[in-house]
Structure formats: C-alpha cells, structure tokens
Amino acid sequence: MSCDDAAPRPSHAEERPKAIIKAEYRQLAAAGLCVAVIRGVAREGKGREWALVCSRLDEVWRPFRGPRRAVTREGVLRRL
C-alpha cells in the first residue's frame with residue numbers, strides 16, 4: 001500500500017492540533033524558553049547550581065503579551 005492509496009485525513013484531524021497550538025501558544029513559548037535555558041546550563045556542566053539556573057531564567061524571562069487584536073470599524077466606533 002503506497003501513500004497514495006491511504007485514505008485522506010479528515011479536515012478535523014488537521015485542525016485540532018492547530019487549534020491546540022493556537023490556544024496554548026503562551027505555555028508552549030514559556031516551556032521552550034525554560035528548556036533552552038536549562039539545556040544551556042547543563043551544557044556548561046553547571047546543572048546542579050540552582051542559583052545559576054534561577055538567575056539565567058530571570059535574565060531571559062519577560063511577561064508574555066499576546067498579539068494585539070485586529071482593529072475593526074466597529075471597535076473604533078465603540079471607543080468614540
């Protein structure tokens with residue numbers, strides 16, 4: 001059986017992962033940042049130095065602001 005013979009994936013199977021990523025992008029970004037910092041510390045061989053790990057996380061961590069909503073005519077009129 002080749003890939004061409006396989007049944008097509010239903011569209012909901014493709015949309016669900018995209019919806020999860022869209023809904024949880026803040027948590028995914030935070031997790032990626034933490035992993036990158038901890039991997040860097042581990043590469044340096046200083047993974048057991050908790051104070052160093054905490055200071056590195058503090059150096060890079062910034063509160064996350066989500067994307068601004070699109071400006072709409074109704075939104076502008078509502079604010080006037």
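Index from 1, following the sequence.
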Legend entry - Trp50 reachable from Leu52 in the ILVMFWY side-chain graph, under 4.5 Å edges: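 Yes, Leu52 connects to Trp50 through the hydrophobic network.
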
Legend entry - Residue list, salt bridge (Lys or Arg N to Asp or Glu O under 4.0 Å) with Glu44, at least two apart or on another chain: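 Result, salt bridge (Lys or Arg N to Asp or Glu O under 4.0 Å) vs Glu44: Arg56.
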
Inset, instruction - Quick one: list whatever passes side chain to side chain contact (heavy atoms under 4.5 Å, CB included) with Leu28, sequence neighbours left out. - result: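 Leu28: side chain to side chain contact (heavy atoms under 4.5 Å, CB included) contacts with Ile21.
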
